[in-house]
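The structure appears right after this line, and notes come after that.
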Amino acid sequence: MTENRCENFSRITDWCHALIRSLAPREGNYIDATMGKGNDTLLLARLAGEQGQVLAFDIQKEALDMTKALLKENGVENRAKLILDGHEQMDRYAKKESMDVICFNFGYLPGGDHNIATAAKTSVAAVQKGLEILKHGGFMSLCIYSGGDTGFEEKETLLAFLKELSPGEYTVILQEYYNRKNHPPLPVLIFKK
């Protein structure tokens, strides 16, 4: 592994970032469905280069402002369109089969109000719309949390939805932190055939 890819894989986001970097086409079209502090958006903006594009969604202006500052600090602010809207509305901004990668990091804004978090109903709707927006050969990355503030409803609802996806159309790979207690997060990859 090269030095820039040696990461602390005890963090789900680092694990998902490593997978995205290794699997995503360069200069493609990407969606960060849950902008948060902008780390996923930054990763995708770097992959997009000058030819690709990134759409990033969040319902909190605070998340948009933090992401905008992070992108500017890294000189890639022109590579992403930051959208103050729910991820379940992504089909208003992206055409069917137009995106190479879509990433989700469910839960709440780190350091933000824990009462403002993703929810089972809108998260499943967003994943469903995302699957339509993905190109054939594209993939989706999901960081699914449970326990504590987020509860289990979203996790269980998402997993039930993913289990029913047609194996002829999608490959769903569920990973887990096997030696951790207290409901560790689940990284999931969905490949569209």
Donor-acceptor contact below 3.5 Å, side chain [X] vs main chain [Y]:
X    : Y   : value
K37  : M66 : no
D58  : G36 : yes
K72  : E77 : no
D100 : N29 : yes
T67  : G38 : yes

- prompt: Mind checking whether Y93 and F57 have parallel, tilted or perpendicular rings, split at 30° and 60°?
  reply: perpendicular

Would you say that [X] contacts [Y] through its side chain, given a criterion of any heavy-atom pair below 4.5 Å between the two side chains?
X    : Y    : answer
Q128 : F161 : yes
C143 : P185 : no
L174 : L162 : no
V101 : L47  : no

- request: Sort out for me which residue in E97, K192, K193 forms a side-chain hydrogen bond (donor to acceptor under 3.5 Å, both in side chains) with H136.
  value: E97

message: I'd like to know whether D40 forms a side-chain contact (heavy atoms from CB on, under 4.5 Å) with N105, so could you lay out the CA-CA distance, the side-chain angles of the two residues, the decisive distance to 0.1 Å, and finally the verdict.
response: CA-CA 9 Å; D40 294 342; N105 198 343; 3.8 Å; yes

query: Does the pair L158 and L186 meet the rule for a side-chain contact (heavy atoms from CB on, under 4.5 Å), with working shown?
result: CA-CA 11 Å; L158 281 166; L186 294 174; over 6 Å; no

query: Near K68 NZ, under 6.0 Å, is it more than 12 heavy atoms from other residues, nucleotides or ligands?
result: no

task: Determine, step by step, whether I83 and R92 satisfy the side-chain contact (heavy atoms from CB on, under 4.5 Å) criterion, reporting the C-alpha distance in whole Å, the side-chain angles of both residues, the deciding distance to 0.1 Å, and the verdict.
output: CA-CA 11 Å; I83 301 166; R92 293 182 180 179; over 6 Å; no

Nearest-0.5 Å distance that lies between atom [atom1] in [X] and atom [atom2] in [Y]:
X    : Y    : atom1 : atom2 : value
R79  : L44  : CZ    : CG    : 12.0 Å
Q53  : N78  : CD    : CG    : 13.5 Å
D65  : L70  : CG    : CG    : 12.5 Å
D32  : I20  : CG    : CD1   : 8.5 Å
D91  : E132 : CG    : CD    : 7.5 Å
S123 : H87  : OG    : NE2   : 4.0 Å

query: Which one of Y30, Y170, F191 satisfies the ring pair (Phe, Tyr, Trp, His ring centres under 6.0 Å) criterion with F139?
result: F191

Work out which heavy atom in [X] is nearest to a heavy atom in [Y]; give both atom names and the distance.
X    : Y    : answer
I102 : M99  : CG1-CB, 4.3 Å
A45  : V76  : CB-CG2, 3.9 Å
M90  : A33  : CE-CB, 3.9 Å
Q60  : L84  : C-CD1, 3.6 Å
L71  : L42  : CD2-CA, 3.7 Å
I190 : L142 : CD1-CD1, 3.6 Å

